[in-house]
Amino acid sequence: MRILKLNKSRYGLLSDGTKIHLFTISNGKMSVSVTDYGAILTSIILPEKGGGNVDVLLGFSTLDGFIHDDCSFGATVGRFANRIGGASFTLDGVKYDLDKNDNGENMLHGGFDRWEKKAWKAKKVKTENGLGVKFSHISPDGEQKFPGTVKASVTYTLDEDNTLTIAYKAETDKATPINLTNHAYFNLKGYAGGSVEDQELQMFCSKYVEPSDKLIPTGKLIDVEGTPFDFKKPHLIGQDIAKTGMGYDHCYCIDGFTPEKKLNLTAIVKDPASGRKMVVKTTEPGVQLYTANFLNNVHGKNGFVYQKHGALCLEAEAYPDSPNKSEFPSCILRPGETYRQITQYSFEF
């Protein structure tokens with residue numbers, strides 16, 4: 001029987017003197033590290049068959065790297081992950097104008113005032129999903145120009161069966177859009193493994209959200225059959241990536257989603273060379289497949305330089321621009337309601 005352990009260590013200081021900590025959860029086989037700076041997932045360390053271990057998560061070796069990061073490595077993203085077209089939405093007859101931090105006209109990942117750049121409160125927890133850490137943040141009314149004071153939490157737990165569970169919760173005192181996710185960059189060869197085009201992907205998604213040239217949904221859901229976006233049968237990521245332009249940056253519609261938000265099998269990633277495998281499940285309607293198209297000479301862990309297509313993101317979430325698309329599953333949280341989201345990453349090695 002594996003023994004779950006949690007270790008807390010000092011990670012650094014912010015400029016205002018706030019102490020930042022690193023929490024490492026281990027089960028005797030693998031370990032996961034998270035920090036109260038931005039509720040960021042910093043590493044996932046798996047064993048190698050020949051001995052030793054490998055970190056399959058891109059990011060940085062130090063707190064300073066995450067402070068200056070503009071790629072959102074391992075970040076908890078809120079209040080609204082992904083894009084909102086025109087950087088505005090209307091809710092209950094009131095228009096809200098947001099930060100135009102994407103192409104000078106749209107909002108991306110909450111705008112300029114990111115949740116990943118804030119110190120969160122941390123608490124050790126043990127749940128049915130294992131041992132871990134619960135991070136909490138109070139987002140005041142008007143933060144990121146969204147309405148309502150939101151009390152949010154994200155809980156990372158690891159169990160004895162090598163499953164990392166990320167559980168989100170949020171409550172509000174005014175109606176507001178909520179869409180939380182984690183922006184982990186995975187490479188099952190290891191963070192220094194180079195392109196993920198030679199890794200195998202299967203997605204349990206029959207449709208994807210059609211994007212405009214600015215990556216804002218048109219409102220149409222397109223059948224993946226016969227397109228470069230079809231991963232219903234497993235195949236190498238690089239097989240059709242050239243046909244997509246820069247690479248994949250598309251929200252897929254998860255088969256089996258219901259408003260009751262049960263866990264659905266979402267994706268399976270395999271590295272043929274090492275035999276490592278990651279199985280993704282989520283309660284959300286969508287998952288953003290992103291092949292790190294904008295990585296360009298980013299100096300990461302131990303000085304390794306990350307490049308385009310050097311990772312794969314599978315960001316479980318509501319559809320992009322949901323506040324402006326009434327035909328999409330609703331992302332509006334109202335007083336008295338509780339937003340809940342669960343995403344799981346299970347590893348085999």
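Predicted model, so just to flag it, every value in this text is computed and none were measured.
Ring-plane geometry between His183 and Tyr290 is classed as perpendicular, the angle between the planes exceeding 60 degrees on a 0 to 90 degree scale with a lower cut at 30. Below 30°, between 30° and 60°, or above 60°: for Phe60 and Phe73 the angle between ring planes is above 60°, a perpendicular geometry. Taking the six-membered ring where the residue is Trp, His250 and Phe229 present tilted rings, their angle falling between 30° and 60°.
Taking the ring centroids of Tyr37 and Phe66, they lie at or beyond the 6.0 Å cut-off. For Tyr248 and Phe231, the ring centers are positioned less than 6.0 Å apart. Taking the ring centroids of Tyr191 and Phe186, they lie at or beyond the 6.0 Å cut-off. Ring centroid separation for the pair Tyr306 and Tyr185 does not come in under the 6.0 Å cut-off.
A donor and an acceptor atom, one from each side chain of Tyr156 and Thr76, are located under 3.5 Å apart. Side-chain contact, Ser136 with Ser153: no donor N or O sits under 3.5 Å from an acceptor N or O. For the residue pair Asn162 and Glu348, no side-chain donor N or O sits within less than 3.5 Å of a side-chain acceptor on the partner. Between Gln144 and His109, the side chains place no donor N or O within less than 3.5 Å of an acceptor N or O (distance only, hydrogens not considered). Between the side chains of Arg340 and Thr338, no donor-acceptor pair is found at a separation under 3.5 Å.
A distance-only check finds a donor-acceptor pair linking the side chain of Asp173 to the backbone of Thr149 [under 3.5 Å]. Put simply, the side chain of Asp240 never gets that close to the backbone of Lys243: no donor and acceptor are under 3.5 Å apart. At least one donor-acceptor pair closer than 3.5 Å links the side chain of Asp255 to the backbone N or O of Ser206. Not one N or O on the side chain of Arg79 forms a donor-acceptor pair closer than 3.5 Å with the backbone of Thr176. Side-chain atoms of Thr127 come within 3.5 Å of backbone N or O of Asn129 as a donor-acceptor pair. At least one donor-acceptor pair under 3.5 Å links the side chain of Asp16 to the backbone N or O of Thr18. Under a 3.5 Å cut-off, the side chain of Thr291 and the backbone N or O of Leu312 do not form any donor-acceptor pair.
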Exercise answer: donor-acceptor pairs, residues 5-13 side-chain atoms, under 3.5 Å, sequence neighbours excluded:
none

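No salt bridge links Lys126 with Asp159; every basic N to acidic carboxylate O contact stays at or beyond 4.0 Å. We find that Lys261 and Glu284 are joined by a salt bridge, their nearest charged nitrogen and carboxylate oxygen being less than 4.0 Å apart. A salt bridge links Arg114 to Glu116: one of the charged nitrogens lies within less than 4.0 Å of a carboxylate oxygen. A salt bridge links Asp113 and Lys118; the closest N-O separation between the charged side-chain nitrogens and carboxylate oxygens is under 4.0 Å. Taking a cutoff of 4.0 Å between a charged side-chain nitrogen and a carboxylate oxygen, Asp141 and Lys174 qualify as a salt bridge.
Within a 6.0 Å sphere centred on NZ of Lys301, other residues, nucleotides and ligands contribute more than 12 heavy atoms.
Results of the side chain to side chain contact (heavy atoms under 4.5 Å, CB included) test with Tyr168 over Ile178, Thr155, Asn182 single out Asn182 as the only residue that passes. Glu317 pairs in a side chain to side chain donor-acceptor pair (under 3.5 Å) with only one of the listed residues (Asn82, Thr282, Thr343), which is Asn82. Across Lys233, Lys207, Lys232, a single residue satisfies salt bridge (charged side-chain N to carboxylate O under 4.0 Å, His left out) together with Glu225, and that is Lys232. Partner of Pro323 under the side chain to side chain contact (heavy atoms under 4.5 Å, CB included) criterion, out of Phe146, Tyr96, Phe89: Phe89 alone.
In this structure, Gly86 and Asn106 approach most closely via the heavy-atom pair N-OD1, 2.8 Å. Nearest heavy-atom pair across Val269 and Leu188 is O-CD1, 3.5 Å. Of all heavy-atom pairs between Ile241 and Gly247, the closest is CG1-CA, 3.8 Å.
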